[in-house]
Structure formats: structure tokens, C-alpha cells
A.B. asks: 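First the structure, then my questions, so here it is.
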Protein chains: 2
Amino acid sequence: MTAPSLKEQQQRLRDDVILAAVNELLARKGYDAMTVDEVATQVGLTKPSLYKHYGSKEALAAAALIRLLDQTLATIAAQSPTQPPIDRLRSVLRWALEQHLRSAMPLLPATRSALRESLLKNSVYLERLQAVSGTLSNWIAEAQADGSLSTALPSEVMLYTLYARTCDPVLEFLQAGGNFSDAEVVDLVLITCFDGLRPRPAVGR
Amino acid sequence: MTAPSLKEQQQRLRDDVILAAVNELLARKGYDAMTVDEVATQVGLTKPSLYKHYGSKEALAAAALIRLLDQTLATIAAQSPTQPPIDRLRSVLRWALEQHLRSAMPLLPATRSALRESLLKNSVYLERLQAVSGTLSNWIAEAQADGSLSTALPSEVMLYTLYARTCDPVLEFLQAGGNFSDAEVVDLVLITCFDGLRPRPAVGR
DNA sequence: GTCTATATTGGGATAGAC
DNA sequence: GTCTATCCCAATATAGAC
């Protein structure tokens, strides 16, 4: 294992810039409306150059989504194991919501789309997704065991709910409304997610 | 006001079949992936015939969304005023979730899209949307006043949260998972919306 | 008011020069 | 490894016959 060469570092940097642009366009416009020309222009390349590196538009999107899953795994790994599991879950969701507000969280593909089909055949994507889901599921089980998450809801429902909140349109609605700062928007959505809309009795006991 | 003629009734029926098909395709594939040819084929017409009735793909989608808002208004009107406001809100959301599971609830247009721009210029659409939002906002205020909804969250957040739940991908996730019936899926999402993921003390007092 | 046939364009993908 | 130029198809939209 020698140190990465300059060329390798340059390639990694270039790929990161490309995939960040793809991520942003996926978040802002969705897969169908995003064009490869836009991506190329945004990173200062031309379309054929992109196609040399990524064989297709689908491959480009898949690479961007895998990068996002890797960032998610890094955020997960950064959580202190001494923290209560509910706080770890909240921190990761908070990070995801912040990404969303920065237009860095692509919306999930629609029920039936060519992209979804190709992702389901992408073993790298599936493996990373499984890694995220596995850890979060463990944390959910821990939080249910220590009483900080409801045991009335199946953990499957909780996991999917956390995923769904990361692409919650409420974030855009509140941001567009202009009555709240980004930080307030994140806090409000976290509250709706964990506490719901019904009132809760005062904390303590 | 004479009774509607046969021809008028036929036209209304035809329009309803067309817009129901549009609605389903919007829900399943989204606006960009939906083609006018698909719509025409599904209702047994050809593309030019559709274009005679609706001048453009955008107009077709707008008509379908207005129809959905009208159905929503009908559902709202069907709620008994003697019911507590929280129950009225829950009933309307339940109806919307059922529509979603039947592929009759189009996903909201992405942040920036041609469809969104045209909808914001469509006065009929905006008027209907305002009618729905106005009534729901009143109910939210009533529910906050009678203590059945939290006063910690701005009512704006509650309204947007209800809208967002109608296109919540959790529904598809749970339906695809196969562990729950459609009715159970609806109930679970209603619980996550109103009660959140954290445990609640036993009811009563 | 529905059809067949066609115009037109946007955008994914590629050939081939440098 | 990046470019210019091009292919090609899918899909919106329309012309015009019946």
C-alpha cells in the first residue's frame, strides 16, 4: 500500500466534483429532468467526457447515490457509541435534513422508473444501502429496548419513516414560506418526526 | 337550470375517465416520465384527440390535479361538523393515504419543474388549493384550541406536514415489504404522523 | 371529434480527431 | 482524456382527411 499518486488524487477530486453536481441536480430537478449536458456544463466538461467515465446517465446517477450512502455511513460512524441510541438516530437524521436543505439529498426515484430498476441490480448500491439500514435497525432496536422509542410501532416502520423524512417536502415548504431559518426548519421536522402532531405531556415524570 | 343533456353527461364521463388515467400515471411514474401517448392508449383514444381537448401536456396534468383537489374538497365537505376537529383531520388524511395506496395520489412536482411553474399561474388550481388549505387550517386551529393538537408547533408546520404525508414514500415501502395489509399501512402512517416515533404514556389521565 | 401521418426538438449516446 | 460533430430515438405537438 503506497501513498496515492498525484494522478489518483486528481481523479478522486474530479469524481467528487462531478458526483456532487449530479447530486445537486438530482435533488433540484429529479432524475428525469436532469440532463447530462447540464452536469457537464456545471463541472466545466462536455458530455462525451462524462460518458467516457460513466457509461450512461443511469450509471452517473447510481455513482452519485452511492457517494451519498458513503457520506451517510461516515456520519453514522462519527456518532459516539456512548450516546443514547435515540440521540444517534436523531443526529443522523439531522445531518440528512441539513443535506436536504442544501439541495444535496436527491429525492427517491418514483415507484416505477428505469433508474429504480437499475439500482436494484447494482450490487454496490445495495450493499451500501444494506450497511446503512443494518446499523440504523440496530440502533432502533436499542432505542426500543431502553424505552426511548415506541414499541407499539414495528421497527420496519421506524426505519422507513426515517428514510422518508430525509426527502420530506415539508422542508421545502417551510423554507419557501420564509418564516423560519434553516436551523428552525430542521428542528421543526425533527419534532414532527419523533413527537408527532399531538400534544405531549410535560417531560420529566 | 335545465337537466344536463346526454351529450354533456357523456363529456363529463369521458373527461373523468381521462383525468383518472392521468392521475394514475402521474402517481406511478411522475410528470416527466408520463407520456401523452400512454394516457391516450389507456383511455382508448389517440394522442391528437387528447390534444383537441387539452391544449398541452401541462394542461392535462393541471386538469387532473384540479380534479383531485375537487375530490379532496368533497371529502372535506363530507366530514360531520359535530366530530372533533382532530378526527376530521385524521379522516381526510386517511382518505388521502388510501388514494395514495390506490395509485391515485400524484407526487408533488419537484422543486423546479415546468409543471410547477405553470401551476403557479393557474388561477383555478390556486383557488382550489386555497380552499383546501383554508378549511384545514381552520380545523388545525380548532384542534389546537381544544388541546388535541400540540400548540408547540406552528399551524403552518402542521398543514404542510399533512400535505407531505399524502405523498409519503413510507406507504410504498411498507406496501412493497409485504408484511402489512393496506389498511394496516394506513393506520401505521397515521400513527407516525400524529403520535411520532417516541413512546407515549398510556392514554386516559 | 377522431383518426393517419408528419413536423420538430430535446437529449441520450457515440465516432473520431487531437 | 477532452473536444467537435453527429446519430438517433422518443415524445410533444400539429396538419389535414374523414
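Proteins get letters first, then strands, A, B, ... in listed order; numbering begins at 1 in each.
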A.B. asks: Between dA13(C), dG1(C), dT4(C), which nucleotide has the shortest distance from any of its atoms to the side chain of Ser56(A)?
C.D. replies: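 The closest nucleotide is dA13(C).
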A.B. asks: Are Thr35(A) and Asp37(A) close enough that a side-chain donor and a side-chain acceptor fall under 3.5 Å?
C.D. replies: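 No, because no side-chain N or O of Thr35(A) sits under 3.5 Å from a partner of the opposite role on Asp37(A).
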A.B. asks: Rounded to whole Å, how long is the line connecting atom CE of Met34(A) with atom C1' of dG10(C)?
C.D. replies: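 Those two atoms, CE and C1', are 15 Å apart.
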A.B. asks: Write down the distance between CG (Leu45(A)) and P (dG12(C)), rounded to a whole number of angstrom.
C.D. replies: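 Taking CG of Leu45(A) and P of dG12(C), I get 16 Å after rounding.
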A.B. asks: Among dT2(C), dT4(D), dG12(C), which is the nearest nucleotide to the side chain of Ser49(B)?
C.D. replies: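 The listed nucleotide nearest to Ser49(B)'s side chain is dT2(C).
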A.B. asks: To the side chain of Gln11(A), which of dA13(C), dG1(D), dC3(D) is closest?
C.D. replies: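 Closest nucleotide among those given: dG1(D).
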A.B. asks: Can a side-chain donor-acceptor contact be found between Tyr163(A) and Ser133(A) if the only test is distance below 3.5 angstrom?
C.D. replies: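 Yes, side-chain donor-acceptor contact under 3.5 Å.
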A.B. asks: Can you measure Glu38(B) atom CD to dA13(D) atom P for me and round it to whole angstrom units?
C.D. replies: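 In whole Å, dA13(D) P lies 15 Å from Glu38(B) CD.
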A.B. asks: Just the rounded figure in Å: distance from P of dG12(C) to CG of Asp37(A).
C.D. replies: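 Taking CG of Asp37(A) and P of dG12(C), I get 7 Å after rounding.
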A.B. asks: Does dG11(C) have OP1 or OP2 under 4.0 Å away from a side-chain N or O of Thr35(A)?
C.D. replies: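 So the side chain of Thr35(A) is outside the cut-off, no N or O lying under 4.0 Å from OP1 or OP2 of dG11(C).
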A.B. asks: Separation of Glu58(A) atom CD from dG11(C) atom P, in whole Å?
C.D. replies: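 After rounding, the gap between these two atoms is 17 Å.
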A.B. asks: By nearest nucleotide on DNA chain C, pick out whichever of Ala33(A) and Lys52(B) is the more 5' one.
C.D. replies: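 Final value for this comparison: Lys52(B).
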A.B. asks: For a quick test of reading the model: is some side-chain N or O of Tyr51(A) closer than 4.0 Å to OP1 or OP2 of dA13(C)?
C.D. replies: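 Checking dA13(C) against Tyr51(A), a side-chain N or O does come within under 4.0 Å of OP1 or OP2.
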A.B. asks: For His53(A) and dG12(C), give me the distance from atom NE2 to atom P, rounded to whole Å.
C.D. replies: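 It is 18 Å, rounded to the nearest whole Å.
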A.B. asks: What I'd like to find out is whether the side chain of Phe180(B) reaches to under 4.5 Å of the side chain of Gln175(B), using heavy atoms alone.
C.D. replies: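 Not in contact.
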A.B. asks: Kindly confirm or rule out a cation-pi arrangement of Lys57(A) over Tyr31(A), judged by NZ or CZ under 6.0 Å from the six-membered ring centre and within 45° of its axis?
C.D. replies: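 Yes, Lys57(A) and Tyr31(A) form such a contact.
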A.B. asks: Whether Asp15(B) and Arg67(B) form a salt bridge (side-chain N of Lys/Arg under 4.0 Å from carboxylate O of Asp/Glu) is what I want to check.
C.D. replies: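 No.
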A.B. asks: Please state how far atom NZ in Lys29(A) lies from atom C1' in dG10(C), giving the value in whole angstrom units.
C.D. replies: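 For the pair Lys29(A) NZ and dG10(C) C1', the rounded distance is 12 Å.
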A.B. asks: Please determine whether any donor N or O and acceptor N or O are separated by less than 3.5 Å between the side chain of Lys57(A) and the base of dG11(C).
C.D. replies: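 By the distance-only test, no, there is no pair.
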A.B. asks: Between Leu50(B) (CG) and dT2(C) (P), how many Å, whole number?
C.D. replies: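 The answer, rounded to whole Å, is 9 Å.
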